[in-house]
Amino acid sequence: MSYSREIDKKWQKIWEENELYKFDRNKLDKKLYCLEMFSYPSGANLHVGHWYNFGLTDSWARLKRMQGYNVFHPQGFDAFGLPAENYAIKTGIHPKDSTMKNIDTMKRQLKEMGATFDWDYEVVTCAPEYYKWTQWIFLQLYKKGLAYRKNAPVNWCPSCKTVLANEQVLDGTCERCNSEVTRKNLTQWFFKITEYAQELLDCLPDLDWPEKTKKIQTNWIGRSEGAQIQFKVDSEDKSSDITFNVFTTRADTLYGVTYVVLAPEHDLVDKITTPEYKDAVEEYRKQVTKVSEIDRLSTTREKTGVFTGAYAIHPLTGEKVQIWIADYVLGGYGTGCVMAVPAHDERDYEFAKKYGLDIIRVIKGKEGVDDNLPFVEDGLLTNSAEFDTVPSQEARLGIVEKLAKQGKGELKVTYRLRDWLVSRQRYWGAPIPIIHCEKCGTIPVPEDQLPVELPYNVVFTPDGESPLAKCEEYINTTCPTCGGHARRDSDTLDTFVCSSWYYLRYPDNKNDKEAFNPEWINKMLPVDKYVGGAEHAAMHLLYARFFTKALRDMGYLNFDEPFLSLIHQGSILGSDGQKMSKSRGNTVTPDEYINKYGSDVFRMYLAFGFAYIEGGPWSDDGIKAIDRFVGRIDRLVEKFISERGKASSNTMGADEKELNFVRHNTIKSVTQDTDQFQFNTAIARLMELVNALYKYDLLNNKNMGLLEDILKDLIKLLSPFAPHFAEEMWQTMGEKESIFNQSWPTYDEKALVKDEVELAVQFNGQIKFKINVPSNSDNNEIENLVKNDSRSAQYLEGKNIVKIIVVKGRLVNIVVK
RNA sequence: GCGGACAUGGCGGAAUUGGCAGACGCACUAGAUUUAGGAUCUAGCGGGAAACCGUGGGGGUUCAAGUCCCUUUGUCCGCACCA
């Protein structure tokens, strides 16, 4: 039977009946946890990206299975989130209903892929059995002091009507809907990811992750070494000493400070502003809140600021310097205050020029260095008392040391990373398990009362207030501590919270006593291979690492990192080379192709047509080529079956040796390439083997025994990419047991050694001809063979041989003069 | 503005990490087979008549460079007043 959709169905049914892909919980010595980032069940069908991610990772998993690994390959759904809720607002269809329906559809399609997923371990984040434990983890973080509430300026998306984490703001816009993000002061829940900033950084080098991704995380964490220096606010009233700290990486420029700047939102501003400047300061602060996030992020925007009327005392010189506020100083970074050294900082220079503030040079360039102001590089100190002529690097330490003795400074490391804002003013998420009591304050829901279930009957009118806040029977409750009237937290958790621990739940998804059994999970984790989109480099992957470390420190886990090895698939573009989108009309619908060609052809085209981590444009011609390739194999097998039993030789002549060489070379390459997610070259090698088999098949007197062995190897090598088709061919060959219970072919080094090898012969680096030499010749013999070859004469005539370079098995280069 | 990645035939993409550039496939051409084919099989296929020239452009290191170094252009990505 030639390959078709029917073959897919036939084998999917048999695999399911035989429970072929059930994970064996008893053989953990060779367990291998293979995981794709789970998917959001959107209304649309499985798209090419899912196929590319899941289908080919499955091919990898199949290789590993046949190599003897006990592969754990689960699948599930990241089912909470905004789209379902927005859909509900538009259509009135409840998020739970639409989501569950979508999950059914996606699950059916995933099954049609014919992957090795073991659905017994399915996880759905919007199920109470799952989010119960999401809430439980929230409470553990709360107990540990890693979840806290604070009032802070937060990113607000007016279109999504919710707050966003810093990571979810791209260039001042919402990563989801592209609306411009505004600032709002709100009391919200945060996770203290900053507590782990250093460790998140320290563990990166040892991870088998793409360098680019590590770099993104490194930048996102943004470690910066410097010093914290204390300034005193000048005041007539000696009894009320107000001090504040600045963070600087350039303590060596301390003597060049001519003013200091506070962030407009800094708490101190109200306390120190003198009455006559009050109005100007208030006006300025008002303006700043009006400036859009986008404008504020712009580096080209002219700097603005106002004087507060207050002065600070320079910690070393004792001189008075003006205190300004300006929005180029950020409230959330460092201490929110900056010592301004206009001579040696571009921003301060620009600001000082504009407002006529003093500029004092304290760094001179070394000999020959152009040190026109602003001079921002290291140099030698000047105008800096006893530090004159000291190099910057040394002075940074010396000056801090001097300050430290007076209790006015210390070395300090700061990070760009901020705490993770997890509250969302939305309905379709895991409820925050917290109760607010007027008498007792913030009270965690007792663990035995989890899950705090989402009420079903809520109103989705888009009036800006979240459905939970409007749901009286949900909001009103009793305080677990005093029994009095209290209100539930009306927010839900960022969906990234749900996806920060799902990999821990998979292996123990039916556990109703605990989020996961630590003993079991410590055996099953970490994930050995994790595959998913690069867009999660800064968010999901950082959050998941944080969760793992936090749970480890609470004693639930004994490993440091969740994902040892990570791969990002590229993205498949439309055939016009543009990103697929409905508006461009260049989308590829997998179902159409699968109905026409079968799922294996679709999968194998994805394997063959692109460098996996690059992706690229879709091509209808490309998939036809794979269809043809499958047909070629089919015909080859059919022909062999029809000729089996006919006259056969059993000699290993030159033709057999050549074929056998290709066979073992294919085994070697396919094994290596597939292991490294280089599926395109693996398929290319398979095509070469098929071409070699066709060539051999033209001969009159064939070695049928050898042919059979090679065909079987071919089918095995093909099976990860075309599981249904390979299973069918395997059966056609007369085999009874599933091909996926066979062991992966191994190559014979001896078959890869040819009697003769072809070498390129170069004169002065230019290739002139090729020569065949026995493969066991030594360099001397090769040199002689080349020199005595008649074709060499014309290049040697009247010349002296300066040097001969022999590269074994590749080329000979004769340098003549 | 800063940082990183990439650039190879008409096209998708290979190249053992410094060693025969263009594997494999598409498209194209020719032949075979076929009543016919858009099916199948075989062969050819970077440019050039050739010497030779060719991996975005220019320079360098080396016996040897797509690969290393410098410089320049273009595309994509990350960060973007981070003190």
Side-chain angles (χ1 to χ4, degrees), chain A residues 170-172 210-213 215-220 222-224 226-227 246-250 253 260-261 263 296-301 303 326-330 332-341 344-348 350-351 376 414-418 534-535 537-538 575 577 605 608-611 614-626 628-629 631-632 635 668-669 672-673 678 680-691 694-695 697-698 758-770 802-816:
Chain A
L170 304 176
D171 294 331
E211 287 306 318
K212 199 176 70 185
T213 305
K215 192 68 183 269
I216 288 172
Q217 294 217 344
T218 305
N219 289 342
W220 194 260
R223 182 189 151 100
S224 173
V246 300
F247 175 75
T248 179
T249 54
R250 291 299 303 273
T253 63
V260 294
V261 191
R296 206 173 156 178
L297 281 170
S298 164
T299 30
T300 52
R301 191 169 133 260
K303 302 212 174 341
D327 67 358
Y328 78 90
V329 174
L330 308 174
Y333 182 76
T335 59
C337 329
V338 161
M339 60 177 224
V341 187
H344 306 291
D345 182 283
E346 274 163 19
R347 296 152 302 181
D348 299 342
E350 190 195 322
F351 194 80
V376 299
T414 49
Y415 301 89
R416 200 189 80 109
L417 182 71
R418 316 285 169 82
E535 67 275 16
S575 47
Y605 168 60
F608 178 65
F610 317 86
E614 310 275 328
W618 175 268
S619 152
D620 277 349
D621 285 334
I623 195 166
K624 278 187 205 146
I626 295 294
R628 201 169 333 184
F629 175 56
R632 265 167 84 77
R635 287 189 290 278
K668 186 178 179 182
S669 307
Q672 278 174 1
D673 293 352
Q678 285 162 10
N680 54 344
T681 49
I683 305 286
R685 296 293 89 79
L686 287 171
M687 288 173 168
E688 281 172 354
L689 178 57
V690 170
N691 290 344
Y694 265 79
K695 199 172 156 196
D697 190 62
L698 292 174
E758 190 187 61
L759 297 184
V761 178
Q762 300 181 330
F763 287 87
N764 289 343
Q766 273 195 329
I767 290 162
K768 298 298 182 188
F769 60 88
K770 313 272 174 82
V802 183
K803 199 174 175 188
I804 302 182
I805 294 123
V806 179
V807 182
K808 270 255 150 125
R810 307 211 74 90
L811 57 78
V812 180
N813 188 11
I814 300 178
V815 186
V816 294

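Each chain gets a letter, A, B and so on, in the order the sequences are listed, and its residues count up from 1.
The glycosidic torsion of B/U29 lies more than 90° away from 0, which places this base in the anti conformation. In this entry the base of B/G9 is syn relative to its sugar, with a glycosidic angle within 90° of 0.
Heavy atoms of A/Lys768 sit under 4.0 angstrom from primed sugar atoms or phosphate atoms, though from no base atom.
For B/C63, the base has a donor-acceptor partner in the side chain of A/Asn813 [N/O atoms by modelled type, under 3.5 angstrom]. Remark: the A/Lys770 side chain and the B/C20 base include a donor-acceptor N/O pair separated by less than 3.5 Å. Below the 3.5 angstrom threshold, one finds a donor paired with an acceptor across the side chain of A/Lys303 and the base of B/C81. Side chain A/Arg685 to base B/A23: a donor-acceptor pair is found below 3.5 Å.
Note: CZ (A/Arg635) to P (B/A39) measures 11 Å, nearest angstrom. A/Asp621 has its CG atom 15 Å from the P atom of B/G13, to the nearest Å. Rounding to whole angstrom units, CD1 of residue A/Ile626 and C1' of B/G25 are separated by 8 Å. Atom CG in A/Asp620 sits about 14 Å away from atom C1' in B/C11, given to the nearest Å.
Comparing A/Asn680 and A/Asn691 along RNA chain B, the residue whose closest nucleotide (by nearest heavy atom) sits nearer the 5' end is A/Asn680. Nearest-nucleotide assignment on RNA chain B puts the 5′-proximal partner with A/Ala625, out of A/Lys695 and A/Ala625.
Within the 4.0 Å cut-off from OP1 or OP2 of B/C26, at least one side-chain nitrogen or oxygen of A/Arg628 is found. Side-chain N/O atoms of A/Gln766 include one lying less than 4.0 angstrom from OP1 or OP2 on B/C53. For A/Tyr328, no side-chain nitrogen or oxygen approaches OP1 or OP2 of B/A83 to under 4.0 Å.
Distance check on atom P: B/G66 versus B/C20 gives 9 Å, rounded to whole Å.
With 3.5 Å as the limit, one finds no donor-acceptor pair spanning the side chains of A/Tyr605 and A/Asp620.
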